[in-house]
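Each remark here refers to the structure printed beneath this line.
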Amino acid sequence: MTGDGWAGFATRLERGEEIALIRSLTAGNRRVLDVGGGSGEMARAVAAQLGQCTAVEPHTQLVESIQDGVTTGVVNVFAGTAEALPFPDASFDAVYCAWVLPYVSDIRHAVTEMIRVCNPSEKESKIVLIAGGSGNELLALLNEVCVPVAEEPYDHHGYLLATAAQVLAEHGFTDFSLHRTEASIRFDGVGRTERVATAAAVLTEFWYGPHPKADEIRSALEPALARHFAVRPHGIGDQAAVLVARPGS
Ligand SMILES: C[S@@+](CC[C@H](N)C(=O)[O-])C[C@H]1O[C@@H](n2cnc3c(N)ncnc32)[C@H](O)[C@@H]1O
C-alpha cells in the first residue's frame, strides 16, 4: 500500500460508526496512541474529544497530512512503525490500531510493542485493534478477484486478530470484547461504467500501487465491480471487527 493509495481510498470512505466507537472507547482515557494514523481522521476525532492524541505513521506525506485539518485539540505526530514505537514503556493508557495489521512485517512484534507502551495499571487501560470483519465486501473482492492474479497470499484479517489476541493474552490483556462496525467506500458517479472504472483504479492503487501486474488486476476487477454495482450501485462495504483488550483482573 502506498501513501497515495490510502489517501485516494480514504477520501471516499464513510466510517462514522467506526469513529464513534473509537471516541466512545477512549472517552475515559488521557493519553491515547494511534498506531499507523494514515491521514489522521481518527486521531483528529480523538483529539477533538480529549484535547490531544498522539499518532505514529511511517509514510512521510501522511505524517504531514495528519496535521492538516486539526481544528480542535492537538495531534502529536511521530514518524515511525508499529514494530518500533518511538516511546518509552507505559507512555499511554490506550493504544489503538485501525486497519494496519495487514501491513506490519511481524504482527507478534508489533502487538508486543503496543503492549509495551500501554500502562496496564491505569484504570481505563486498553488496546483496540480494528480489522476486516466477516462479510467485508472489499476483502471479498480482494481475495476472490485480485489475489489469484497477483499470486499473493489471501488477506485474512480473522487470522491477524486471532494472532494478536494470543499475544495480548500472553501479556495479561485477557479481558476481551469484540464489536462490529459498518463502513463503506462510496462512488457517486452517475454512470455505472464510470463508477466501475473509477473503483477499479482506486482499489488497484490502494491494494497494489506499483505492482507489476497492476494493469491486469484492474482489468480483472472491472467485471466483478460491474456485478457488484448492479446490486449495490454506489457503495462497497468495509465491515470491521473491533477487538478491545483490557488487562485481566
Ligand atoms: C489502511 S491505512 C489505515 C490508516 C488509519 N489507521 C485509519 O484507519 O484511517 C494503513 C496505514 O498503516 C500504515 N502502515 C503501514 N505499515 C505500517 C507499519 N509497519 N507500522 C505502522 N503503520 C504502518 C500506512 O502508512 C497507512 O497509513
Side-chain angles (χ1 to χ4, degrees), residues 1-23 25-26 32-48 53-70 75 77-87 92 94-117 127-133 136 138-139 141-142 146 155 157 160-161 163-164 167 179 181-185 202-210 236-243:
M1 195 203 68
T2 63
D4 284 346
W6 169 245
F9 179 93
T11 52
R12 296 173 177 278
L13 197 52
E14 288 194 335
R15 60 191 322 203
E17 194 182 354
E18 219 178 277
I19 304 264
L21 181 57
I22 280 293
R23 279 171 61 113
L25 285 170
T26 56
V32 178
L33 175 65
D34 178 326
V35 179
S39 39
E41 194 181 4
M42 278 193 175
R44 284 193 293 272
V46 171
C53 182
T54 301
V56 166
E57 166 56 47
H59 277 112
T60 353
Q61 82 258 39
L62 290 176
V63 168
E64 284 160 20
S65 79
I66 288 180
Q67 293 290 7
D68 296 347
V70 176
V75 180
V77 194
F78 293 77
T81 65
E83 295 90 332
L85 293 173
F87 310 104
F92 302 95
V95 177
Y96 69 86
C97 179
W99 303 101
V100 174
L101 295 180
Y103 309 107
V104 302
S105 55
D106 181 339
I107 179 166
R108 291 190 70 89
H109 189 170
V111 176
T112 305
E113 272 292 271
M114 292 179 217
I115 295 164
R116 180 184 67 75
V117 300
I127 294 178
V128 181
L129 302 173
I130 301 185
N136 184 298
L138 281 165
L139 287 174
L141 278 170
L142 175 68
C146 305
D155 207 336
H157 288 212
L160 296 173
L161 285 187
T163 305
V167 178
H179 310 274
T181 57
E182 300 282 331
S184 63
I185 173 164
V202 167
L203 296 181
T204 304
E205 178 63 24
F206 174 42
W207 287 325
Y208 292 97
I236 310 174
D238 201 10
Q239 294 80 2
V242 182
L243 180 71

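Please read all numbers here as calculations on a predicted model, not as lab measurements. Both ligands and their constituent atoms are indexed starting at 1 by order of listing. Basis for what follows: all heavy atoms, side chains included, without hydrogens, waters or symmetry-related copies.
For ligand 1 and G38, the ligand atoms under 4.0 Å from any heavy atom of the residue are 4 (C), 5 (C), 27 (O).
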Pair L21, Y96 - check side chain to side chain contact (heavy atoms under 4.5 Å, CB included), show working. CA-CA 12 Å; L21 181 57; Y96 69 86; over 6 Å; no
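Closest heavy-atom approach to atom 14 (N) of ligand 1 among the candidates P58, G36, A82: P58. Distances from atom 9 (O) of ligand 1 to the heavy atoms of E57, H109, E113, R15 show the closest one on R15.
At least one N or O atom of E83 sits closer than 3.5 Å to an N or O atom of ligand 1. Close N/O approach between A98 and ligand 1 is found [any backbone or side-chain N/O within under 3.5 Å]. Checking only distances, G37 never comes within under 3.5 Å of ligand 1, N or O to N or O.
Taking all atoms of both residues into account, the shortest heavy-atom contact from G237 to N136 is O-OD1, 3.6 Å. Of all heavy-atom pairs spanning L139 and G132, the tightest one is CD1-CA, 3.7 Å.
A distance-only check finds no donor-acceptor pair linking the side chain of E205 to the backbone of G8 [under 3.5 Å]. When atom types are taken as modelled, the side chain of E17 and the backbone of E182 share a donor-acceptor pair closer than 3.5 angstrom. In terms of modelled atom types and a separation under 3.5 Å, the side chain of H157 and the main chain of A131 share no donor-acceptor contact.
Residue-ligand proximity: H59 is placed with a non-hydrogen atom under 4.0 Å from ligand 1. For the ligand labelled ligand 1, residue E18 lies outside the 4.0 Å heavy-atom shell.
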